[in-house]
Amino acid sequence: MPADELNHSLSWIVVVGDVFGRPGRKALSLGLEKISSQRRVVFTVINGENLAGGKGVNTKTAQECFDMGVSVITTGNHLFDQKGVIDLLQKDGKVLRPLNYSSLCPGVGSGIYVLDNGLRVGVLNLIGRVFMAPSDCPFHAADQVLSGWSDQGISPDLVLVDFHGEASGEKRAMGFHLDGRVAAMYGTHTHVQTNDLEKLPGGSWYLTDVGLSGPHWSVIGVAPEMALSKYRTHVPAPFTVGEGELLFCALLLGISSTSNGVRIEKAELFREVFP
């Protein structure tokens, strides 16, 4: 089947990495509009830990993304940088916090979301421990949720895992740990789209980092002059979101439903620069 015909015959899940500040939200809007004009998008998940000014997420920025058609927002280490986020986490389960944070942490780190067509998509939000702040074991946390869903007889049709981590080795290890048990495991946090999208031996799709959606000419979202000043002088510089043309990065998963269940037929990277 030609690529265009295959694209139109499948339903698509759109995975977007770290959306950085106002430029990131604009890039998200333009990117989703372009993808939706070419494919039938049924589910969109983004990492929103940088949504509000590059640090944290709040009700206003989260709602702006939901209004664009975003289904679920995952987060990471900047989750609590904005006021009011606890109320957001406790609202409806569409904004996740890292699953392997303390059990006393507000909110939830996983969920099962039922689409209009009846498809059940599970999402896990994990955070790494290498070069990151202390947290519980992400490997154990993922095992607990997956086994819990299985024991309760509520396992979703597809499971997506956002592993928000600094170290590529830790992300890679998680990919093999979950291989065959989830549909896709992808990394966020480092803001640079990696070129290692592949299907692991057990059948799970893997990507080390989905990449940044935000200011293109920036240092992972920050204005270059601010980042350079800090790196060159070691003197803290004001945190300033970059400006100018926009970069949008995503992972696209084309899915089909058959008598044998739901599976990913096609996975590809998407990268677009908007003036």
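Predicted, not measured: the structure shown is a model, and the values here were computed from it.
For residues 208-236, the set of pairs meeting the salt bridge (Lys or Arg N to Asp or Glu O under 4.0 Å) definition, not counting sequence neighbours, comprises K171-D209. Within the structure, the side chain to side chain donor-acceptor pair (under 3.5 Å) test picks out no pair touching residues 150-161 (sequence neighbours left out). A side chain to side chain donor-acceptor pair (under 3.5 Å) check over residues 12-38, counting only residues at least two apart or in different chains, returns the pairs D18-H191, R25-E64, K34-E272. Every pair tested for salt bridge (Lys or Arg N to Asp or Glu O under 4.0 Å) that includes a residue from residues 73-102 fails, sequence neighbours excluded, so the list is empty.
Remark: T233 pairs with S229, V235 by the side-chain contact (heavy atoms from CB on, under 4.5 Å) rule, at least two apart or across chains. For T59, there are no side-chain hydrogen bond (donor to acceptor under 3.5 Å, both in side chains) partners at least two apart in sequence or on another chain. Applying the side-chain hydrogen bond (donor to acceptor under 3.5 Å, both in side chains) rule to D143 yields the partners H177, R181; only residues at least two apart in sequence or on another chain are considered. Not counting sequence neighbours, the partners of R172 by the side-chain hydrogen bond (donor to acceptor under 3.5 Å, both in side chains) test are E198. Scanning for side-chain contact (heavy atoms from CB on, under 4.5 Å) contacts around H234 gives an empty result, with sequence neighbours left out.
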**Q.** From CA spacing to verdict: side-chain contact (heavy atoms from CB on, under 4.5 Å), V14, L252
**A.** CA-CA 5 Å; V14 178; L252 308 183; 4.0 Å; yes

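With rounding to the nearest 0.5 Å, the separation of CD1 in I73 from CZ in F66 is 4.0 Å.
Here the side chains of N47 and H164 are in contact, with some heavy-atom distance below 4.5 Å. Between V45 and D162, every side-chain heavy-atom pair lies at or beyond the 4.5 Å cut-off. Between E49 and N77, some side-chain heavy-atom pair lies under the 4.5 Å cut-off. When side chains are defined from C-beta on, S213 does not count as touching L28, because their heavy atoms never get closer than 4.5 Å.
Alongside M185, the hydrophobic cluster contains L99, I112, L124, L126, F139, V145, L146, W149, I154, V159, V161, F163, M174, F176, L178, V182, L200, Y206 (criterion: ILVMFWY side chains under 4.5 Å). Through direct or indirect side-chain contacts shorter than 4.5 Å among Ile, Leu, Val, Met, Phe, Trp and Tyr, F131 is connected to V130.
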For a quick test of your reading: what N or O donor-acceptor pairs under 3.5 Å do the side chains of residues 237-249 make, sequence neighbours left out?
unit_1: E245; atom_1: OE2; unit_2: H216; atom_2: ND1; d: 2.7
unit_1: E245; atom_1: OE2; unit_2: W217; atom_2: NE1; d: 2.9

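In this structure, S110 contributes its side chain and V123 its backbone to no donor-acceptor pair below 3.5 Å.
A chain of hydrophobic side-chain contacts below 4.5 Å, direct or via other Ile, Leu, Val, Met, Phe, Trp or Tyr residues, connects L160 to I255.
For D67, the CG atom counts as densely surrounded, since its 6.0 Å shell holds more than 12 non-hydrogen atoms of other residues, nucleotides or ligands.
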